[in-house]
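Values reported hereafter were calculated over all heavy atoms of this structure, with side chains retained and with hydrogens, waters and symmetry mates removed. Numbers for residues simply follow the sequence, beginning at 1. Atoms within each ligand, like the ligands themselves, are counted from 1 in listed order.
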Amino acid sequence: MRTLIRNIGRLYLVPPGPVRAPQLGDVPILRDAAVCIDDERIAWFGRDSNRPPDPVDAELDANGQAVVPGFVDCHTHLLFAGTREGEFVDRIRGKTYVQILEAGGGIHVSVDAVRRASETELVGLGRDRLRRMLAAGTTTAEVKSGYGLSPEDELKMLRAIRRLSGEQPVELVATYLAAHTVPRAYADRAEAYLAAVTADDVLERIYRDDLAEFADVFCERGAFTPAQAERFLRECERHGLRPKLHAEQITHSGATRLGVALNAVSVDHLEELDDEDIAALRGSATIPVLLPGCNFFLNARPAPARRMIDAGLPVALATDCNPGSSMIESMPLILSIACTLLRMTPVEALVAATANAAAAINRADRIGAIATGHQADLLLLDVPNVERLAYDVGRNAVRTVLKRGRVVHQA
Ligand code: NIG
Ligand code: FE
């Protein structure tokens, strides 16, 4: 199957990640362009007037507007049951995220709801959310467990993610986040809890059934210490799960440097990152993932994105879609927030949300870029440039979504 996209006003030639400054803010833009797709892959791109004469099976008209890679939402908790608008209001009245968590609310409320839900109910909830995310341009999403907090409920979540990945167009990457917080039944017995969720039979089952690719831990007050995080991640890695960490979100714990020492694929959040952490990240292959939806949603101080970019770090962006700290599904909205709160330019935000986000889930060689041989995950926008995309806050300017070379959504 050969597909041609023609009449592209601006084709953003995002290179494969990881992309650092100065390329991060300065990707080549091809005017009056066309893209040829052979089955799942980008076979050719260039000036529309130079396109190969070969016959094609399908032709798409970009209407002179912009074309960009599909968004890679590299950090989500999109599989959850129930909602938590009560604590949203409690925070407006002055309570903090950690106070709510330490009082037994927050994540625990979502755990109760997920434990009550069947695997099939979870699949239904995830399906609805993924349909909306696809319409906003997300073509790949990482999805974490972490609301089961028992071996069987965590496995239920991972199985639901696997079912979802086979039945709808968004490519899913699963992460085992059993170390999200200490469940109530194990209060003050974090070590015993970690032993239960890293038992050999549990991790072997995940490995054997290919239920997850990464392991993740929430290193924070009210959750796990760096020593506990290290133990959890090392056990998981023995069973083939590469480390990721929720690091320096609310308090500075040293989780970033732990992540670098463990050669984590990414460290995420980083609001409280310091200069030593930035230096450690500079000498590493670990991708720093910024989640500015949380800063908007919790009205919390944002990560030092400019200092990180200036230090040459290949920052990535994601929604962190979850019911507690970022009830946000839309990557275009995250681009807008990255521009206003993190002071990133729209082009930097685009690259962070595509090529660098792909690097944060170890897929930069196949997705997130516009390069020949790369998977044809592409968005036809109904705006002429990415500045307009980020500036037009809250409007969905994604017109057509291609996943693996096929049109999977049309506005
Ligand atoms: O990334 N910080 C920890 N985990 C999520 C929030 C989860 C929740 O509140 O349900 C986050 O912010
Ligand atoms: Fe998160």
Side-chain angles (χ1 to χ4, degrees), residues 73-88 90-91 95-115 122 125 129 141-149 153-154 157 173-184 214-225 228-229 232 243-253 255-256 259 264-272 287-303 316-329 334 337 357 360-361:
D73 195 348
C74 63
H75 179 137
T76 87
H77 309 250
L78 72 85
L79 194 69
F80 58 84
T83 53
R84 284 156 45 195
E85 59 270 39
E87 60 184 75
F88 180 72
D90 289 343
R91 274 194 306 274
K95 282 206 186 124
T96 68
Y97 181 86
V98 169
Q99 278 169 351
I100 292 166
L101 177 62
E102 287 184 334
I107 293 171
H108 298 288
V109 173
S110 297
V111 171
D112 291 339
V114 163
R115 286 182 178 174
L122 289 177
L125 290 162
R129 204 158 284 130
E142 185 255 18
V143 190
K144 300 175 195 295
S145 65
Y147 293 126
L149 303 192
D153 291 302
E154 286 290 305
M157 286 194 77
V173 178
T175 295
Y176 183 52
L177 175 61
H180 200 181
T181 194
V182 182
R184 290 192 196 106
F214 303 110
D216 194 350
V217 55
F218 186 22
C219 209
E220 188 59 65
R221 265 188 52 196
F224 297 94
T225 65
Q228 291 164 342
F232 172 77
K244 282 179 167 277
L245 295 95
H246 282 70
E248 335 298 2
Q249 178 183 5
I250 297 158
T251 55
H252 188 278
S253 67
T256 303
V265 64
S266 73
V267 288
D268 304 36
H269 276 291
L270 312 179
E271 282 81 348
E272 301 299 322
I287 303 291
V289 178
L290 306 183
L291 307 167
C294 289
N295 313 122
F296 170 74
F297 199 81
L298 301 177
N299 190 22
R301 169 166 102 151
L317 284 168
T319 60
D320 196 14
C321 176
N322 78 77
S325 68
S326 182
M327 188 68 157
I328 297 177
E329 299 167 341
I334 293 300
I337 298 173
I361 50 169

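When distances from the Fe ion (ligand 2) to the N, O or S atoms of Asp320 are compared, OD1 comes out shortest.
Not one N/O/S atom of Cys294, from backbone or side chain, sits under 2.8 Å from the Fe ion (ligand 2). Not a single N, O or S atom of Asp268, from either the backbone or the side chain, sits less than 2.8 Å from the Fe ion (ligand 2).
Taking distance alone, with nitrogen or oxygen atoms compared against 3.5 Å, His269 approaches ligand 1 more closely than that limit.
In this structure, Lys244 contributes its side chain and Leu177 its backbone to no donor-acceptor pair below 3.5 Å. A donor-acceptor contact shorter than 3.5 Å links the side chain of Glu248 to the backbone of Thr256.
Taking atom 11 (C) of ligand 1 as the reference point, the nearest protein heavy-atom neighbour is Asp320 OD2, 3.1 Å. Closest protein heavy atom to atom 5 (C) of ligand 1: His77 NE2, 3.6 Å. The protein atom (non-hydrogen) at minimum distance from atom 2 (N) of ligand 1 is Gln249 OE1, 2.9 Å. The protein non-hydrogen atom at the shortest distance from atom 12 (O) of ligand 1 is Ser325 OG, 2.5 Å. Among protein heavy atoms, atom 4 (N) of ligand 1 sits closest to His180 NE2, 2.8 Å. The shortest contact between atom 6 (C) of ligand 1 and any protein heavy atom is with Tyr97 OH, 3.2 Å.
Just one residue in the list Glu271, Arg301, His269 forms a side-chain hydrogen bond (donor to acceptor under 3.5 Å, both in side chains) with Asn295, and that residue is Glu271.
By the 30° and 60° cut-offs, the orientation of the rings of Phe80 relative to Tyr147 is perpendicular.
Here the CD1-CD distance, from Ile250 to Glu220, works out to 4.5 Å after rounding to the nearest 0.5 Å. Going from atom CG of Asn299 over to atom SG of Cys294 covers 12.5 Å, rounded to the nearest 0.5 Å. Rounding to the nearest 0.5 Å places CG of Leu78 at 8.5 Å from CD of Glu329.
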Using side chain to side chain donor-acceptor pair (under 3.5 Å), reason through His246 and His75 one step at a time and then give a plain yes or no. CA-CA 10 Å; His246 282 70; His75 179 137; 3.0 Å; yes
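Under a 4.0 Å criterion applied to the non-hydrogen atoms of Ile107, ligand 1 contributes the atoms 7 (C), 8 (C), 9 (O), 10 (O). Below 4.0 Å from some heavy atom of His75 lie the following atoms of ligand 1, by number and element: 1 (O).
Looking at Tyr147 against ligand 1, only its side chain comes within 4.0 Å, counting heavy atoms. With a 4.0 Å heavy-atom cut-off, ligand 1 is reached by no atom of Glu220.
At a 4.0 Å cut-off, at least one heavy atom of Arg84 sits close enough to ligand 1 to count as contact.
Glu102 and Arg221 are joined by a salt bridge, as a carboxylate oxygen and a charged side-chain nitrogen come within less than 4.0 angstrom of each other. Checked for salt-bridge contact, Asp90 and Arg84 miss the test: no charged N lies under 4.0 Å from a carboxylate O.
Angle NE2(His77) to the Fe ion (ligand 2) to NE2(His75), rounded to 10°: 100°.
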